[in-house]
Amino acid sequence: MTHVLIIEDAPEAAELATSLLRGAGYDTSTAATGEAALELARAVRPEVILLDLGLPDTDGTDLCRSLREFSDAFIVMLTARDDEIDKVLGLKLGADDYVTKPYSPRELLARIEALLRRDRRGTTEGPSERRVGDLVVQPEAHRVLLDGEEMHLTRIEFSILDALTEHPGRVLSRSALRERVWGAEWYTGDHVVDVHMANLRKKIDKGGRSHIRTVRGVGYRMAEGDEA
Ligand code: CA
């Protein structure tokens with residue numbers, strides 16, 4: 001049974017998540033403080049951790065880093081406001097996904113299922129290849145195939161796609177993409193990201209497909225499965 005550790009200090013919110021997840025067939029445990037969370041994470045070795053960003057005894061972002069040091073669980077951050085997501089994304093905490101509270105039960109379950117469908121970190125052998133629908137990205141070979149046909153992308157277009165397909169369910173903010181593709185020391189305006197994004201989409205979105213989703217006010221993410 002897949003175990004989800006719920007780290008949440010508000011009792012009603014913790015109960016809600018518990019009944020939702022148990023109803024969906026998951027095993028759960030709950031921690032209301034950072035200290036209890038670290039202890040439980042070591043003891044139960046959860047596959048998924050739901051982490052509320054606002055905890056009384058510790059900063060959620062610090063806790064995320066501490067968990068990452070010993071746990072390879074998928075970490076889903078729960079943030080209170082949309083604008084916190086952008087802040088959190090910039091911190092490179094090692095969380096796998098972000099959900100804004102209040103969340104819809106269906107959305108949270110869908111996100112968790114999407115994470116569990118992914119290859120577990122570190123278990124894939126040989127040259128890495130990422131498949132997103134009909135798109136195949138081969139990072140080492142710097143190659144992208146669409147329907148088996150090699151695409152001719154610029155270095156920047158490739159880097160954008162490489163960054164987005166690294167964690168398919170995750171939204172990358174424009175600033176995170178900018179830093180990843182151009183480097184932190186370069187100043188490149190957001191419009192430059194948009195221009196390259198538009199060119200990239202022209203190349204990979206054929207026949208009405210849309211591989212990259214714009215998340216308004218946040219950034220971009222890869223479309224998942226039958227979304228494309
Ligand atoms: Ca809280």
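All ligand and atom numbering here is 1-based and tracks the order in the structure.
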Heteroatom test (N, O or S) for D9 near the Ca ion (ligand 1), limit 3.0 Å: yes
Could you check if a side-chain atom of L55 sits within less than 4.5 angstrom of a side-chain atom of T33, using non-hydrogen atoms only? no
Report whether any nitrogen, oxygen or sulfur of G54 sits less than 3.0 Å from the Ca ion (ligand 1) (N, O or S, backbone or side chain). yes
Does the side-chain contact (heavy atoms from CB on, under 4.5 Å) test come out yes or no for R180 and D162, once each step is laid out? CA-CA 10 Å; R180 168 78 185 257; D162 183 38; 3.2 Å; yes
Expected output: side-chain R65 to main-chain G60 donor-acceptor under 3.5 Å: no
D52: which N/O/S atom is nearest the Ca ion (ligand 1)? OD2
Apply the side-chain contact (heavy atoms from CB on, under 4.5 Å) test between L135 and each candidate in I212, D147, L161; give the one that qualifies. L161
